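In this text the structure is predicted, and so the values were computed from the model without any measurement. Protein chains get the first letters and strands the later ones, always in sequence-line order, with residue 1 at the start of each.
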2 protein chains.
Amino acid sequence: MKERTSTPSTQDYLKHIYELTQNGRPASTNDLARELDIKPASVTGKIQKLAKDKPALVEYQKHQGVSLTPSGKKAALEVIRHHRLLETWLVQTLGYSWDEVHAEAERLEHVISEDLERRIAAALGNPTRDPHGELIPTDGLKMPNEDTTPLSALRPNQNATIRRVSAQDENLLRHLNDLGLVPGVRLEITDFSPFDNNLTIKCGTQYFVLGSNITTKIFVEVVNSSRR
Amino acid sequence: MKERTSTPSTQDYLKHIYELTQNGRPASTNDLARELDIKPASVTGKIQKLAKDKPALVEYQKHQGVSLTPSGKKAALEVIRHHRLLETWLVQTLGYSWDEVHAEAERLEHVISEDLERRIAAALGNPTRDPHGELIPTDGLKMPNEDTTPLSALRPNQNATIRRVSAQDENLLRHLNDLGLVPGVRLEITDFSPFDNNLTIKCGTQYFVLGSNITTKIFVEVVNSSRR
DNA sequence: CCGATAATTTAGTCTTACCTAAATTATTAT
DNA sequence: ATAATAATTTAGGTAAGACTAAATTATCGG
Ligand SMILES: [Mn+2]
Ligand SMILES: [Mn+2]
Ligand SMILES: [Mn+2]
Ligand SMILES: [Mn+2]
């Protein structure tokens, strides 16, 4: 029954460090500043403080970027779990659409208790993905593994199922929703244009030509070609 | 679409000034400090700032206490509406009991958007009272009138319906819930003891003797004695 | 290797919202 | 009316979290 160990500011830093760090490399001051919409100078100050807190939340060396310590990662996953459960809850119980929930969850994630978190999870049947298909960290704060590929990596004749759309741009989300390109949907690649990287996909009876701005944000599970 | 005009701290000040001011007199620095669990010196500082903001939220003269300006009252009612809608929502959709919701709502009230407020209200069918029976300010931020009497003012042979329990003490709330003394319940006064102000009430088939610590917190609607 | 450019850090400020200790002003009871 | 007491305010301080401007350090093309 600890509750309220870090501030909203700290939680947002950790969350974004977690995301930026997914590629294996430390997060740069500049990238973090852009994501957080905070000036780089301020970011330096904050991560220096995070790095020398009693249990350090962050590993940091000048000019080398930041990464999370085990405690920092735990705290980050806690916030991410809050965020994704909240988004799921808002969509499922209050009729939000997937392009409307992010800002709301962004604020709520910092103030809900562990008790509320558990009640929401239970009420939703302990969901494993949020409305965008993002994986929800478990109660024990483990991030499940996922085996998806960016749609942009597929080529003609491959079949796949959309699992996740990693975008926050509300207009893009609305657009994809209008096209029916949402998690769970099955599609087939029918054409690839090597110069602009456009992919033509067949989805139900419809065909769409999608640029790489879109195809790099849609993550799919490839369906094993049953022909050999 | 203004959104996020004042801070959580300011909102809590306004909310408590609103409550303390219900008796018609300005709220004293000390009372406010006790309610907010903040030192009196800090309260003085804060209300001085609130009093000389662009549109003043508070009326204040040294040593005379504080009261709300029209804008301050509006802001207070906005927070109170949030709080009470949230409590209702948590109880009705997540199985919270009325003694568990307060702390949660106390934090959520400051971060929900007007959009979420409206969706919650709509999902609940625009309720007029929260789980404790407190009136919920309208969408237009008017506080409805209410015509209730403290149970402590009743005398033998009077009948009444419980409308509201104004207590935050979780143990008291649990106790009253166990006794079945919750909003909507009908009761009759069967005895009054003038020295300790104890009231004996009949509620269904049960009799309870309640001290004034309890009876001043239960507000009832008196049932017109149909005998004349 | 070197200079230009880009990234990062330092230094110094600001605001909000608290705090403690001390001073002041009100109130109250003789 | 006054002295004690209680309430309130002032003064001065801290910590978080941001900002700007200036200095420093990396990196990269030639
Ligand atoms: Mn989101
Ligand atoms: Mn956030
Ligand atoms: Mn409450
Ligand atoms: Mn509050």
Visitor: If you look at every strand shown and take non-hydrogen atoms under 4.0 Å, does A:T44 touch a base, only sugar-phosphate, or nothing?
Guide: base

Visitor: Nearest-nucleotide wise, let me know which of B:H63 and B:K49 is further upstream toward the 5' end of DNA chain C.
Guide: B:K49

Visitor: Within 45° of the axis and under 6.0 Å from the centre of the six-membered ring of A:Y13, does NZ or CZ of A:K46 qualify?
Guide: yes

Visitor: Quick check: B:H102 with B:H132 (ring centres under 6.0 Å apart)?
Guide: no

Visitor: With a cut-off of under 6.0 Å to the ring centre and 45° to the axis, is B:R164 in cation-pi contact with B:F219?
Guide: yes

Visitor: Less than 3.5 Å apart, any donor N or O on the side chain of A:H83 or A:E109 sitting next to an acceptor on the other?
Guide: yes

Visitor: Check whether B:E104 reaches the backbone of A:S113 with its side chain - one donor and one acceptor, N or O, closer than 3.5 Å.
Guide: yes

Visitor: Rounded to whole angstrom units, what separation is found between the NZ atom of B:K54 and the C1' atom of C:dT15?
Guide: 13 Å

Visitor: Provide the start and end nucleotides, 5' to 3', of the part of DNA chain D that has atoms under 4.0 Å from heavy atoms of chain A.
Guide: D:dG17 to D:dT25

Visitor: Please tell me which of A:T7 and B:T29 maps to the more 5' nucleotide of DNA chain D, matching each residue to the nucleotide holding its nearest heavy atom.
Guide: B:T29

Visitor: Please state how far atom CD1 in B:I47 lies from atom P in C:dT16, giving the value in whole angstrom units.
Guide: 17 Å

Visitor: Got a donor-acceptor contact below 3.5 angstrom from the B:S42 side chain to the B:I38 backbone?
Guide: no

